[in-house]
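Positions are given from 1, in the same order as the sequence printed here. Computed over heavy atoms, backbone and side chain alike; hydrogens, waters and symmetry mates excluded.
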Amino acid sequence: MEIFDLVCSALLILTGILVVHRHIYTIIGLFIKPVVYPETNKLGRYAIVIAARNEEAVIGNLIDSIHAQDYNPSLLTTFVVADNCTDNTARVCRDKGAVVYERFNKEKARKGYALEFLFENIKADYGIEAFDGYFVFDADNLLMPDYVSQMNKAFSTGKDIVTSYRKSKNFDTNFISAAYGIHFHRNSMALHRPRAVMDIGTHITGTGFLIASHLLADGWKFHNLTEDDQFTSYISSKGYKTAFCDNAEFYDEQPTDFQTSYKQRLRWAKGRFTGFFQHGSSLLKGIFKHKSFTCYDMFSHYFPYGLISLLVGVIYPLSGVLYNLFSQGAYDFQNMAENIIAGVLGLYLSSLLMGILTVIREYNRINCSPFKLLLYTFLFPWFDLISLPVLTLSLFQKVKWAPIVHKDTTRIADIPVLEEAPCTGTLQRNVV
């Protein structure tokens with residue numbers, strides 16, 4: 001047990017070192033003004049790529065929000081891959097002016113493969129270099145009217161990858177969708193924003209990002225369960241930084257039931273776990289090869305903390321119970337129960353604190369009534385508390401990528417807007 005004690009202590013020290021800079025991030029995200037990119041006369045030509053499977057209910061609203069951009073429409077081309085669709089997704093997109101490629105491959109039925117197919121067709125028919133950059137969206141997304149303009153400002157400063165501010169169009173549906181919403185607001189406040197302020201590369205989260213065309217010259221080769229993590233790890237290890245545009249806002253739909261949430265979180269856990277062991281060493285090498293704090297930060301970001309928690313928080317205590325039972329014939333189970341309760345309470349309070357700080361800081365960017373928001377904030381910690389059991393189950397379950405059914409038909413015109421740009425400090429709350 002002494003050796004086990006030392007190993008667990010060493011792992012706790014290691015994880016503490018890896019996350020200590022996150023406290024600085026939180027302070028910066030709370031109090032420092034976001035990066036605002038300068039106005040520019042340089043307008044890029046962009047392709048907007050969307051992978052969709054049976055999304056006829058929502059994808060038309062996304063394309064409408066693209067058409068409503070305050071950006072020169074002749075510089076935007078929308079491409080859709082209708083991936084294994086059995087509905088009218090392809091027709092809806094064509095009727096709205098999108099270029100559609102239909103794909104039928106059930107053996108490789110995953111977003112990463114769909115994007116690979118789409119980029120291959122764009123390369124063959126147009127040439128990758130026909131566009132300065134490529135926006136990647138999911139079919140349920142909605143873009144604020146100045147989204148492309150704001151992203152273009154960041155891209156025009158020489159950024160190769162730019163991600164944006166993710167918001168939930170169904171935040172106020174219930175405490176499940178609200179928890180996802182708070183989670184993504186927390187990402188923007190405590191991770192993306194401080195990294196941008198410090199000129200450190202951040203990570204992408206599945207959708208709402210822009211990639212320079214030269215980075216796609218060899219196509220899209222990221223097929224993991226979480227292809228966004230795989231891409232981030234790869235591109236960061238090569239010395240590139242993903243910038244964050246705080247003023248570019250888009251919306252997406254979040255799960256509203258536990259079954260859908262569980263399947264999604266299981267895929268996230270499995271994807272991050274396998275992705276780290278695929279690319280963690282490349283990030284580690286990149287720290288020294290590129291003298292890159294971004295590589296260190298991404299190594300820290302994707303480090304499998306859940307495995308450490310499983311070892312230290314579950315396996316280690318259970319081994320102590322068995323050791324005492326066999327060596328002494330007794331164990332203080334009351335003390336163990338008290339420690340478990342104290343641990344769970346501590347996790348709840350720390351998660352609640354971050355939720356409260358996030359809601360206070362991002363209050364004017366959350367479309368939800370004050371009463372509901374207060375309730376959802378106190379319920380938010382369930383989102384973090386289930387991480388360990390979900391990770392544990394992901395280690396023993398075979399996880400397959402599966403599309404999430406999107407039903408929220410909210411249009412961009414239905415979403416309340418702010419009178420001033422988000423980063424000016426003169427926000428006016430407008431809740432329906």
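The closest side-chain heavy-atom distance from F250 to M151 is not below 4.5 Å. Side-chain contact between H301 and R272 is present, with heavy atoms from C-beta onward closer than 4.5 Å. Taking 4.5 Å as the limit, every side-chain heavy atom of D252 sits out of range of all side-chain heavy atoms of K169. Two residues are said to be in side-chain contact when any heavy atoms from C-beta on lie closer than 4.5 Å; L375 and F175 fail this criterion. Contact check for E120 versus E116: side-chain heavy atoms found under the 4.5 Å cut-off. Using a 4.5 Å heavy-atom threshold, the side chains of C93 and I59 count as touching. Under the 4.5 Å side-chain criterion, counting only non-hydrogen atoms from C-beta, S236 is not in contact with Y296. You'll find the side chain of V58 stays beyond 4.5 Å of the side chain of D408, heavy atoms only.
Distance alone, capped at 3.5 Å, places no donor-acceptor pair between the D138 side chain and the D140 backbone. The backbone N or O of V148 sits less than 3.5 Å from a side-chain atom of Q69, completing a donor-acceptor pair. Remark: the backbone N or O of T205 is paired with a side-chain donor or acceptor of R166 at under 3.5 angstrom. Remark: the backbone N or O of Q230 is not paired with any side-chain donor or acceptor of S233 at under 3.5 angstrom. No donor-acceptor distance shorter than 3.5 angstrom exists from the side chain of T294 to the backbone of K241, with no hydrogens or angles considered. Without hydrogens or angle criteria, K111 side chain to G206 main chain gives a donor-acceptor distance under 3.5 Å. The main-chain N or O of A217 is found under 3.5 Å from a side-chain atom of K123 such that the two form a donor-acceptor pair. A distance-only check finds no donor-acceptor pair linking the side chain of D83 to the backbone of R53 [under 3.5 Å]. The backbone N or O of S74 lies less than 3.5 Å from a partner atom in the side chain of R45, making a donor-acceptor pair. Not a single donor-acceptor pair under 3.5 Å links the side chain of Q254 to the backbone N or O of F171.
We find that E249 and R365 are joined by a salt bridge, their nearest charged nitrogen and carboxylate oxygen being less than 4.0 Å apart. A salt bridge links R186 to D384: one of the charged nitrogens lies within less than 4.0 Å of a carboxylate oxygen.
In this structure, F131 and F79 have perpendicular ring planes: the angle between them is above 60°, well past the 30° mark. Taking the six-membered ring where the residue is Trp, F135 and Y46 present perpendicular rings, their angle passing 60° and hence far from 30°. Ring geometry, W220 versus F231: the interplanar angle falls under 30°, so the pair is classed parallel (tilted spans 30 to 60°).
Residue A139 comes nearest to L62 through the heavy atom pair O-CB, 3.8 Å, listed as atom of the first residue, atom of the second, then distance. In terms of heavy-atom proximity, A52 sits nearest to V80 at CB-CG1, 4.3 Å. Annotation for A190 and T26: closest pair CB-OG1, 4.1 Å, computed over non-hydrogen atoms. Between P34 and R193 the shortest heavy-atom distance is CG-NE, 3.6 Å. For the pair K96 and D64, the tightest heavy-atom approach, listed with the atom from each and the gap, is NZ-OD1, 3.0 Å. The two residues P255 and I176 have their closest heavy-atom pair at O-CG2, 3.5 Å.
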Counting only pairs under 3.5 Å, give me each side-chain donor-acceptor contact of residues 390-404, with atom names and distances, residues two or more places apart or in other chains.
from : atom 1 : to   : atom 2 : distance (Å)
T392 : OG1    : L388 : O      : 2.9
S394 : OG     : L391 : O      : 2.6
Q397 : OE1    : Y262 : OH     : 2.7

Discussion item. Please determine whether side chain to side chain contact (heavy atoms under 4.5 Å, CB included) holds for the pair S292 and I287, giving the CA-CA distance in whole Å, both sets of side-chain angles, and the decisive distance to 0.1 Å.
Written reply: CA-CA 5 Å; S292 170; I287 297 172; 5.9 Å; no
Item to complete: Could you check I356 against T377 for side chain to side chain contact (heavy atoms under 4.5 Å, CB included), going step by step and ending with a plain yes or no?
Response: CA-CA 7 Å; I356 291 172; T377 301; 3.9 Å; yes
Discussion item. Does S149 form a side-chain hydrogen bond (donor to acceptor under 3.5 Å, both in side chains) with D146? I'd like the steps, not just the answer.
Written reply: CA-CA 5 Å; S149 295; D146 64 342; over 6 Å; no
Item to complete: Test side chain to side chain contact (heavy atoms under 4.5 Å, CB included) on F244 and V35 and set out the steps.
Response: CA-CA 8 Å; F244 175 60; V35 172; over 6 Å; no
Worksheet entry | side chain to side chain contact (heavy atoms under 4.5 Å, CB included) between R267 and T226, worked out | CA-CA 7 Å; R267 177 176 63 83; T226 50; 4.1 Å; yes
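Screening V162, I204, T232 for a side-chain contact (heavy atoms from CB on, under 4.5 Å) involving F209 leaves a single residue, I204.
No side-chain N or O of Y113 forms a donor-acceptor pair with one of N105 less than 3.5 Å apart. For T207 and N141, the side-chain atoms include at least one donor-acceptor pair closer than 3.5 Å. Side-chain polar atoms of N174 and T256 form no donor-acceptor pair below 3.5 angstrom. Checking S387 against Y305 by side-chain atom types alone, no donor-acceptor pair falls below 3.5 Å. Looking only at atom types and distance, the side chain of E55 has no donor-acceptor partner in the side chain of T89 under 3.5 Å away. When only modelled atom types and interatomic distance are considered, T202 and H192 share a side-chain donor-acceptor pair under 3.5 Å. Side chain to side chain, S164 and Y147 meet the donor-acceptor criterion of an N or O pair below 3.5 Å.
For CG of D257, the number of neighbouring non-hydrogen atoms (other residues, nucleotides, ligands) closer than 6.0 Å is greater than 12. The number of heavy-atom neighbours closer than 6.0 Å to CZ of R411, taken from other residues, nucleotides and ligands shown, is 12 or below.
Between Y165 and F184, the ring center distance fails the sub-6.0 Å criterion. Aromatic ring centres of F277 and F273 lie closer together than 6.0 Å. For F258 and W382, the distance between ring centers is under 6.0 angstrom.
Interatomic distance, CG of L284 versus NZ of K289, reported as 13.5 Å (0.5 Å rounding). Remark: F119 CZ to L216 CG distance equals 4.5 Å, nearest 0.5 Å. From I235, atom CD1 reaches atom CE of M298 across 13.0 Å, with rounding to the nearest 0.5 Å. Of the inter-residue distances, the one linking F380 atom CZ with L385 atom CG reads 9.5 Å to the nearest 0.5 angstrom. If you take CG on L357 and CD on E362, they are separated by 11.0 Å, rounding to the nearest 0.5 Å. In this structure, the separation between CZ on F383 and CZ on R265 is 4.0 Å, given to the nearest 0.5 Å.
Relative to the six-membered ring of F293, R195 misses at least one condition, a distance below 6.0 Å or an angle of at most 45° to the axis.
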